[in-house]
A.B. asks: 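My questions all concern the structure below.
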Number of protein chains: 2
Amino acid sequence: MPRPIPLDDIDRHLLTLIQADSTRGLHELGEEVGLSASAVQRRLTRYRTSGLLRGEVAVLDPRVLGGAMPSIVLVALDRESAALHAAFHARMLAEPRVQQCYSIAGQWDYVVVHVTEGLAESRALSERLFLGDPNVRRYDTLPAVETIKRGLALPLPEE
Amino acid sequence: MPRPIPLDDIDRHLLTLIQADSTRGLHELGEEVGLSASAVQRRLTRYRTSGLLRGEVAVLDPRVLGGAMPSIVLVALDRESAALHAAFHARMLAEPRVQQCYSIAGQWDYVVVHVTEGLAESRALSERLFLGDPNVRRYDTLPAVETIKRGLALPLPEE
DNA sequence: ACGAGGCACGCAAGAATTTTGCGTCGCGGC
DNA sequence: GCCGCGACGCAAAATTCTTGCGTGCCTCGT
């Protein structure tokens, strides 16, 4: 399924634009990249059917929601069993407060980013997710003081 | 500017839906939350003008793009000068390959998530961003082996 | 060299969605 | 008890998206 597709300059331009704002209208996008609305449309459907464009989502401002505090958690597992890793993945995917999860190289096995309403809930969530797992050897929770940048946009070389 | 606004159950339901998929059409959304299309529309514009809804963005699949490798970097600064921190923030905001940046409590000052095309470029970017900064005391780059979960959705209690 | 096929494009008609105006209803304050 | 505010649904109007069709360009094969 991860099948790379060839992209030209216009594709990269378009993808950069919709990664910043996906509400802009086919005609308007077409004007910016030098294409008609229908040509833009056909490219977008190509991105969708190829799996490149996974979807479009609304981005909320955590500050307007009141106390939304991200935390970064470093996790080390005991054993390297594939089944245990799969179970861990499933728990991360199932928990809505977990925004991101990467398995990494080095002395830690995972980096998890989760969002809670304050330190107390952050500790409680970490305990439930990691202390409750007998296969988690240790974890270290780094509470975020401030969010400087927050996005998912992938860089596209452009030339 | 971070001014919290009161939300009812329908608001939370709507926000949850558009955080998962913002392409769904006012009528369809209205059907799911039990409102007319225009009522849904009015709520969405309220989210926008209040700053709660920051925008809508396209989410791409890194795997279809070929080699897109995230790395998590832990950074410690030398001094706590506000001006130096501001300069650091500006550099993070200006670099498209930096997806996320949090200032954190503890022995590290920042967590940075950046995306590159492989280990070599990851090292090069880290060196340019952090080794080149005389105020960065030390940094540790953790290359991601696999992305388990990747999103920005904020949890909304719902009741 | 030249013609056939494929691919992407622009244009325009048709379909669908979004936007806006208007009348109604329920709730709280005067 | 009445008035005004806020939110709603409905429907018309405006905009946007979708689709079919004809054209041009590039490539490949004859």
Side-chain angles (χ1 to χ4, degrees), chain A residues 1-61 64-66 153-154 156-159, chain B residues 1-61 64-66 153-154 156-159:
Chain A
M1 180 106 314
R3 185 162 308 292
I5 60 173
L7 300 174
D8 62 17
D9 287 350
I10 295 183
D11 287 321
R12 282 184 284 270
H13 193 174
L14 261 179
L15 290 167
T16 301
L17 292 175
I18 64 175
Q19 281 191 110
D21 181 2
S22 64
T23 69
R24 289 192 49 200
L26 301 172
H27 182 74
E28 194 180 339
L29 289 171
E31 216 160 62
E32 184 140 353
V33 303
L35 239 46
S36 73
S38 48
V40 171
Q41 223 263 23
R42 281 185 277 261
R43 291 193 183 231
L44 293 184
T45 61
R46 185 187 316 144
Y47 306 151
R48 275 186 260 266
T49 58
S50 71
L52 207 207
L53 176 49
R54 180 186 284 279
E56 294 164 37
V57 301
V59 180
L60 307 187
D61 189 330
V64 183
L65 232 45
L154 300 173
L156 296 167
E158 180 64 41
E159 43 264 327
Chain B
M1 179 105 315
R3 184 161 309 290
I5 60 172
L7 299 176
D8 63 17
D9 287 351
I10 294 183
D11 287 321
R12 282 185 284 270
H13 193 174
L14 261 179
L15 290 167
T16 301
L17 291 175
I18 64 175
Q19 280 192 109
D21 181 3
S22 64
T23 68
R24 290 192 46 201
L26 301 172
H27 182 74
E28 194 180 340
L29 288 171
E31 215 161 62
E32 184 140 354
V33 303
L35 238 46
S36 73
S38 47
V40 171
Q41 223 262 23
R42 281 185 277 260
R43 292 192 183 231
L44 293 184
T45 62
R46 185 186 317 143
Y47 306 151
R48 274 187 261 264
T49 57
S50 71
L52 207 209
L53 176 48
R54 180 185 286 279
E56 295 164 38
V57 300
V59 180
L60 307 187
D61 189 331
V64 183
L65 231 44
L154 300 173
L156 297 167
E158 180 63 40
E159 41 264 326

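Predicted, not measured: the structure shown is a model, and the values here were computed from it. Per chain, numbering begins at 1; letters A, B, ... match sequence-line order.
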A.B. asks: Between C1' on C:dA12 and NE2 on A:H27, what's the gap in Å once rounded to a whole number?
C.D. replies: 14 Å
A.B. asks: Salt bridge (charged side-chain N to carboxylate O under 4.0 Å, His left out) between B:R24 and A:E56: does it pass, once the steps are laid out?
C.D. replies: CA-CA 10 Å; B:R24 290 192 46 201; A:E56 294 164 37; over 6 Å; no
A.B. asks: Starting at atom CG of B:L29, determine the distance to atom P of D:dC8, rounded to an integer number of angstrom.
C.D. replies: 14 Å
A.B. asks: Between A:R43 and A:D8, is there a salt bridge with N-O shorter than 4.0 Å?
C.D. replies: yes
A.B. asks: Write down the distance between CG (A:D8) and P (C:dC9), rounded to a whole number of angstrom.
C.D. replies: 8 Å
A.B. asks: CG of A:L44 versus P of D:dC17: gap in Å, rounded?
C.D. replies: 10 Å
A.B. asks: Provide, to the nearest angstrom, the distance between the CZ atom belonging to B:R43 and the P atom belonging to C:dT19.
C.D. replies: 17 Å
A.B. asks: Provide, to the nearest angstrom, the distance between the CG atom belonging to B:L35 and the C1' atom belonging to D:dG9.
C.D. replies: 10 Å
A.B. asks: Strictly below 4.0 Å: does B:R24 bring a side-chain N or O up to OP1 or OP2 of C:dT17?
C.D. replies: no
A.B. asks: Whole-Å distance between D:dC8 C1' and B:E31 CD?
C.D. replies: 17 Å
A.B. asks: D:dC10, C:dG10, C:dA8: which one has an atom nearest the side-chain heavy atoms of A:R46?
C.D. replies: C:dA8
A.B. asks: Looking at B:I18, is its backbone amide N or carbonyl O close enough to the side chain of B:S22 to form a donor-acceptor pair, meaning the two atoms are under 3.5 Å apart?
C.D. replies: no
A.B. asks: At their closest point, which heavy atom of A:L44 faces which heavy atom of A:L53, and how far apart are they?
C.D. replies: O-CD2, 4.4 Å
A.B. asks: Is there, by distance only and without an angle test, a donor paired with an acceptor across the side chain of A:R42 and the base of C:dG10 below 3.5 Å?
C.D. replies: yes
A.B. asks: Provide, to the nearest angstrom, the distance between the CG atom belonging to A:L26 and the P atom belonging to C:dT18.
C.D. replies: 13 Å
A.B. asks: Take B:Q41 and A:S38, find for each the nucleotide of DNA chain C with the closest heavy atom, and name the residue whose nucleotide sits nearer the 5' end.
C.D. replies: A:S38
